[in-house]
Amino acid sequence: MARILITSALPYINGIKHLGNLVGSQLPADLYARYCRGRGHEVMFICATDEHGTPAELAAAKAGIPVADYCAQLHKVQADIADGFRLSFDHFGRSSSPQNHELTQHFAARLADNNLIEEVSDKQVYSKTDKRFLPDRYIEGTCPNCGYEQARGDQCDECTKPLSPVDLIEPYSTISGSKDLEVRETKHLFLRQSRMVDQLDEWICSKSDWSILTTSIAKKWLDDGDGLRDRGITRDLDWGVPVPEMPGKVFYVWFDAPIEYIGATAEWAQTQGLDDAAWQRWWRTDKGADDVRYVQFMGKDNVPFHTLSFPVTIMGSNEPWKLVDYIKSFNYLNYDGGQFSTSRGRGVFMDQALSILPSDYWRWWLLSHAPENSDSEFTWENFQASVNKDLADVLGNFASRVTKFCRAKFGEVVPEGGEYGADEKALIETLTKRIKAYGEHMDAMEIRKSAAELRAIWVAGNEYLQTAAPWSKFKTDPAAAAAIIRLSLNLIRLYAVLSAPFIPDAAKALQDAMKCADTSWPDDVQAALNTLPAGHEFTVPEVTFAKISDAQREEWQQQFSGKRD
RNA sequence: GGGCCUGUAGCUCAGUUGGUUAGAGCAGAGCGCUCAUAACGCUUUGGUCGCAGGUUCGAGUCCUGCCGGGCCUGCCA
């Protein structure tokens, strides 16, 4: 039994995430967590909302409530939706927690001790009307390059030229529209990442099993131009982790957010009524974490923070904190010919998805089409076709045909009699081989390959039934049919166990219908297929997966074609 | 402009360190079965592997150029 620490990139507090966000980190992380638990490993699966920063402050102001209240509300909303998708976090924390405050300040102090923090005087735009410093992108004006009048202070959307706020002609605050701006001098702490380049480079080069996507992004930042630059880790804001001895300043989200992986584990310990040792054994290699395997899941946009900045925080502390062992990163999911967009409300959002279909439908499609090697695309046609075929026809109908046949011929009880012969032997051989492959793909976090293998395992059941043809044998040799059905009912339970990481609700429903609580991994297929003995009662399950009709698909296609309100 | 990724059957994708007739699922066609959510099984039609060169006994797989798609180019996280 291994100990596996799993973290999903933290969703930002500012609103409900779309399916592209979901498939980029939380969902695959959940798949892996469920699988690892299913194999009997000890798992700590952590996620949290990322609550600091300007967008949260502005959203709260817009809603007319204090930012702390806003975050508390939205955290609840996100937690409920995560629950709806059956994301099995051991703890879904908040980066604004006391634990994270303490840890963030702790890391900053250690980094300072090790001469990795530098105070730098910087110039930033201040809006007198808004009474706050403005991040570059919250300042707009006319682009000096192309004349576009709504160019942002970091980059012009029209001509894509990178800009600085001071470049803009007639700049104004996007918050208030005020042009009463001035450049003020302000002091900030910078993380001296550049001093750690060699150490980072060596570390990343040692990770030969990481994907090209992950390592190429990391190396690009290490080697690009002047190399890895030092980075400001504080901001002039009220909402955040206060910087000691620097009133009015907080740590930048980018610094405190990854630390919340640790903070959330500490939150978990507290909610469980456990002491510090309980979470430290996951994070401190001097306190029991030396045998932990730590895996992170994230979208590609988050890779730089997890391959460079956060490791600098960890390594630079000179304390024995656990570094990540494997990073699983994802490309983007597109929506029907374009990108999902939170700001433009394009695509299907998590709450909307759950309002039209159970989570298993989404889980299956998203995971079996996860953007692992390149960006992938969601279309309603593809979604309907995949879900109907894989879930309703191949898996759901298998359970249906077996249980209904049994009920009609033998009653709702596992029938006795008959012997297993060549067909059964062949099936067991096939399953043994495929389940081994399935496990290997899951171990390697090859998600689409795992899904394909699982589907092939479902198909094997239908192939077997066709060959064994119990409906035909029943007429001349009822005992032979009984043996076939006995095995097939066991197969339903086996499918429930194997499928649970992908489609937990359906798996539970099938397991319940078979009236069996045994969910142990089928290391021995033959034994697993004898779990339900003759005489064991079961019930015919409700339709496990109803099909998506053309009419429904067209309605949703229409419903989600425009903007979200 | 620079960097990285990507372009394989109608669709979604596999193709390991270059090696025999390029694979899967879906869709299409034919056959079979009738237990089942008109479901299932079997067989089968589709590809000059973006284009053009090059290296090699041999390239989807390496090199060069071009074309198309995507991402990044650092204070939104």
Side-chain angles (χ1 to χ4, degrees), chain A residues 9-14 50-56 58 122 124 135-138 152-155 160-162 164-165 188 190 193 211-213 215-217 219-221 223-225 228-229 231-235 252-255 257 299-305 308-309 331-332 334 339 342-343 368-369 371-377 379 381-382 385-386 388-409 446 448-449 451-452 455-456 459 461-474 481 484-485 488 540 542-547:
Chain A
L10 308 188
Y12 195 65
I13 192 69
N14 187 13
D50 176 10
E51 305 193 353
H52 298 138
T54 308
L58 296 181
D122 201 8
Q124 292 209 331
D136 292 356
R137 66 163 19 198
Y138 286 98
R152 291 195 325 240
D154 54 347
Q155 184 178 39
T160 73
K161 183 182 170 67
S164 163
H188 280 295
F190 273 62
Q193 318 187 100
S211 72
I212 290 172
L213 180 67
T215 52
S216 66
I217 291 173
K219 288 183 177 175
K220 171 72 188 332
W221 282 61
D223 303 334
D224 188 44
L228 188 63
R229 298 181 212 163
R231 200 161 174 164
I233 57 167
T234 55
R235 289 290 182 276
Y252 183 31
V253 275
W254 150 135
F255 182 72
K300 58 185 170 186
D301 52 335
N302 257 316
V303 169
F305 302 114
L308 305 167
S309 323
N331 287 283
Y332 293 142
N334 290 319
Q339 294 192 336
T342 302
S343 57
S368 61
H369 293 78
E372 291 177 290
N373 296 329
S374 59
D375 292 353
S376 64
E377 176 159 319
T379 64
E381 287 84 356
N382 188 308
S386 295
N388 284 354
K389 191 70 190 173
D390 299 347
L391 297 181
D393 295 346
V394 178
L395 175 63
N397 183 54
F398 177 79
S400 186
R401 67 194 295 205
V402 169
T403 52
K404 286 182 179 170
F405 181 83
C406 186
R407 180 172 63 186
K409 306 299 184 189
E446 295 259 26
R448 280 181 309 188
K449 286 182 182 174
R455 185 188 191 283
V459 167
N462 285 308
E463 287 172 352
Y464 166 71
L465 269 191
Q466 186 64 29
T467 306
W471 49 88
S472 169
K473 289 209 174 74
F474 182 78
I484 295 163
I485 292 304
S488 298
V540 173
E542 296 296 310
V543 168
T544 314
F545 291 102
K547 289 203 196 192

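Chain A is the first sequence line, chain B the second, and so forth, proteins listed ahead of strands; every chain is numbered from 1. This is a predicted model, so every value here is computed, not measured.
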Review point. Taking atom P of B:A39 as reference, at what distance in whole Å does atom CG of A:N462 sit?
Key: 13 Å

Practice item. Taking syn as within 90° of 0 and anti otherwise, name the glycosidic form of B:G60. Key: anti

Review point. If we take the C1' atom in both B:C13 and B:U17, what is their distance in whole Å?
Key: 23 Å

Check your understanding: Hey, does the side chain of A:Y252 come within less than 4.0 Å of B:A77's phosphate (OP1/OP2), counting only N and O?
Key -> yes

Revision key, fill the gap. On a heavy-atom basis, the closest approach of A:L465 and A:F398 is CD1-CE1, 3.8 Å

**Study point:** A:F405 aromatic ring stacked with six-membered ring of B:C35, 5.5 Å and 30°
**Key:** no

Check your understanding: Given B:C40, is OP1 or OP2 found less than 4.0 Å from the side-chain N or O atoms of A:K389?
Key -> yes

Exercise for review: Would you indicate, yes or no, if B:G3 has its OP1 or OP2 atom less than 4.0 angstrom from a side-chain nitrogen or oxygen of A:K219?
Suggested key: no

Revision key, fill the gap. Winner on side-chain proximity to A:E463, out of B:G41, B:C13, B:C75, is B:G41

**Study point:** A:R448 side chain near B:A14 phosphate (N/O to OP1/OP2, under 4.0 Å)
**Key:** yes

**Study point:** Separation of B:C4 C1' from A:D301 CG (nearest whole Å)
**Key:** 16 Å

**Study point:** Pairwise P distance, B:G18 and B:C75 [rounded to whole Å]
**Key:** 41 Å

Check your understanding: In whole Å, what separates the C1' atom of B:C51 from that of B:G47?
Key -> 16 Å

Review point. Among the nucleotides B:C42, B:A36, B:U12, which one has an atom lying closest to any side-chain atom of A:R401?
Key: B:A36

Check your understanding: What does B:G25 pair with, Watson-Crick or G-U, if both distances are under 3.5 Å?
Key -> B:C11

Exercise for review: Would you tell me whether A:N382 and A:S386 have side-chain atoms, one donor and one acceptor, within less than 3.5 Å of each other?
Suggested key: yes

**Study point:** Same-atom distance (C1') from B:A29 to B:C35, integer angstrom
**Key:** 26 Å

Check your understanding: Taking the same atom, P, in B:C62 and in B:U8, what whole-Å distance lies between them?
Key -> 15 Å

Practice item. For nucleotides B:G28 and B:U21, find the distance between their P atoms and express it as a whole number of Å. Key: 32 Å

Practice item. Determine the interatomic distance between P on B:A22 and the same-named atom on B:C67; round to the nearest Å. Key: 31 Å

**Study point:** Below 4.0 Å: OP1/OP2 of B:C35 and any side-chain N or O of A:N397
**Key:** no

Exercise for review: Would you please confirm or rule out a distance under 4.0 Å between OP1 or OP2 of B:A38 and any side-chain N or O of A:K547?
Suggested key: no

**Study point:** Contact under 4.0 Å: A:K449 side-chain N or O vs B:G15 OP1/OP2
**Key:** yes

**Study point:** Listed nucleotide nearest any side-chain atom of A:W221, set B:U12, B:C72, B:U37
**Key:** B:C72

Study note, to complete from the structure: Regarding the side chain of A:Q466, the nearest nucleotide among B:A77, B:A27, B:C35 is B:C35

Check your understanding: P atom, B:G19 versus B:U61: distance in rounded Å?
Key -> 11 Å

